[in-house]
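Counting starts at 1 for both ligands and their atoms, in listed order. Nothing fancy with the numbering, it's 1 onward along the sequence.
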Amino acid sequence: MKLYNTLTRQKEEFVPLNGNKVTMYSCGPTVYNYFHIGNARPFIVFDTLRRFLRYRGYDVTFVQNFTDIDDKLIRKANEEGTTVSEIAERYIKEYFVDAEGLGIEKADFHPRATETIPEIIDFIKTLIDKGFAYEAGGDVYFSAKKFNEYGKLSHYNIDELEAGARIGVDERKQDAMDFVLWKAHKPGEPAWDSPWGPGRPGWHIECSVMANKYLGETIDIHSGGVDLIFPHHENEIAQSEAANGKPFARYWLHNAFLNIDNQKMSKSLGNFFTVRDASKHYDYEVIRFFMLSAHYRSPINYSAEQLEQASNALDRLYECKRNMEFLLKNAKDEGSSGPDASKLLAYKEKFIEAMEDDLNTADAIAAIFEMVREINTDISGGNTSKAYLEEALNLFNELTGVIGIVRKGEDTLEAEVERLIEERQKARKEKNWKLADEIRDKLKEMGIELQDTPNGVKWKKL
Ligand code: AMP
Ligand code: ZN
């Protein structure tokens, strides 16, 4: 597989450090609110990478953190007259609700900054001992200039960076390029004891420490949105490599922005929709599909039109699946002169080839649609064998499963529709035409059209 590595600015063959074991770390949300559609992009994209690597036989260990202490959480807690930990607890719970809806699997580890304090303190001590960090008035700073390769990820040189850097009013750092590892306690803020007095960790240090704790000194893949390249990931590299004297992450992957009106969607710009709100208008699955229908390094624009398109496309996939399932229920065992499903394997190859080309989900999804078109033609011929249907359905489920779409099986809509159809059949048997019509109307309201066929009742979404 080839992956575009921000560090080298090229696509590289992906070879894990340890055989088929892959270690992956992705920066997670700061939990002071529901997450927005822009935040959902890295979560969905790197969940898909993880699914694909697993599909290709790798044993993946995936870590995604929760930043549960920072200025925004403190502000929110003060506004609401509650504690930072109550805010964090609430939005971590809500993260999992939305993530589950979006088909984002739980990571193997979801460490929280506040539960990693002893390790963070030890790590900072090491950096001080090695001469990369210094204490100043209860704060601890990292000396960026002591780390010779500072700037290697963002491809800035230190002079360029210095031109834009300034020392804030309440900072005690020696050089504008230095960044904070530990913040001295301020009134009204939560604090933990440390060798430098009470305080709390800065943001960058938690990811270095957590990656080290759960995955080791050198990890295979580190990911996040492009806005994290500088300073966050640059600082993570400096901290980890200064402390361990080893390369930190071997492949750095960054997703492009999700925009709205051609501007980055962000909480600070106030132009954001939470996934929770969007899920009231579109299925979670439509949001996932929309996100993966573009390559992760291309910017995408969020618009109602795009979401409608995604919704229609997803419906076509569901319809194909339902038709296969329906025909399979009535299919005969014996072989027929119908088409042979092995020809569909060409689409699987195409799918894998696209995914192996720097996770090109756009082309991979296109391969699924080409396959669906062919399946639709085959099954409309009316002579597909049980073997064909089984194979085609398995392949369909296999490929859509890697993308994490068409996940609804017997649950939710399907189950409800099937239940109503059964009720209607029962009413018809009992010659209760009024009830039967009412049920048909209700289904119509749900956007479901019934077709009475000699083989039973078929349905499709309008
Ligand atoms: P945050 O909670 O702001 O630290 O962001 C969590 C993740 O979302 C990070 O990987 C960010 O890079 C990513 N992110 C934030 N806004 C956007 C956006 N508009 N488009 C794509 N990714 C984003
Ligand atoms: Zn991070």
Lys152/Glu241 ion pair, N-O < 4.0 Å: yes
Please check this pair: side chain of Asp175 against backbone of Ala144, looking for a donor-acceptor N/O pair closer than 3.5 Å. no
Lys343, NZ: over 12 other non-hydrogen atoms inside 6.0 angstrom: yes
Can you tell me if CD on Glu353 sees more than 12 non-hydrogen neighbours from other groups inside 6.0 Å? no
Quick one: salt bridge (charged side-chain N to carboxylate O under 4.0 Å, His left out) pairs with a partner in residues 17-30, sequence neighbours left out? Lys21-Asp59
Which N, O or S atoms belonging to the protein are less than 2.8 Å from the Zn ion (ligand 2)? Cys27 SG, Cys207 SG, His232 NE2, Glu236 OE2
I'd like to know if Lys460 and Asp315 make a salt bridge, using a cut-off of under 4.0 Å between side-chain N and carboxylate O. no
Does the distance from a Lys or Arg side-chain N to an Asp or Glu carboxylate O, for Lys76 and Glu80, drop under 4.0 Å? yes
Arg75 bridged to Glu79 by N-O distance under 4.0 Å: no
Residues in contact with ligand 1, criterion: heavy atom under 4.0 Å: Pro29, Thr30, His36, Gly38, Asn39, Pro42, Gly224, Gly225, Asp227, Leu228, Asn255, Ala256, Phe257, Leu258, Lys264, Met265
Can you pull out every salt bridge (charged side-chain N to carboxylate O under 4.0 Å, His left out) where at least one residue sits in residues 301-314? Sequence neighbours excluded, please. none
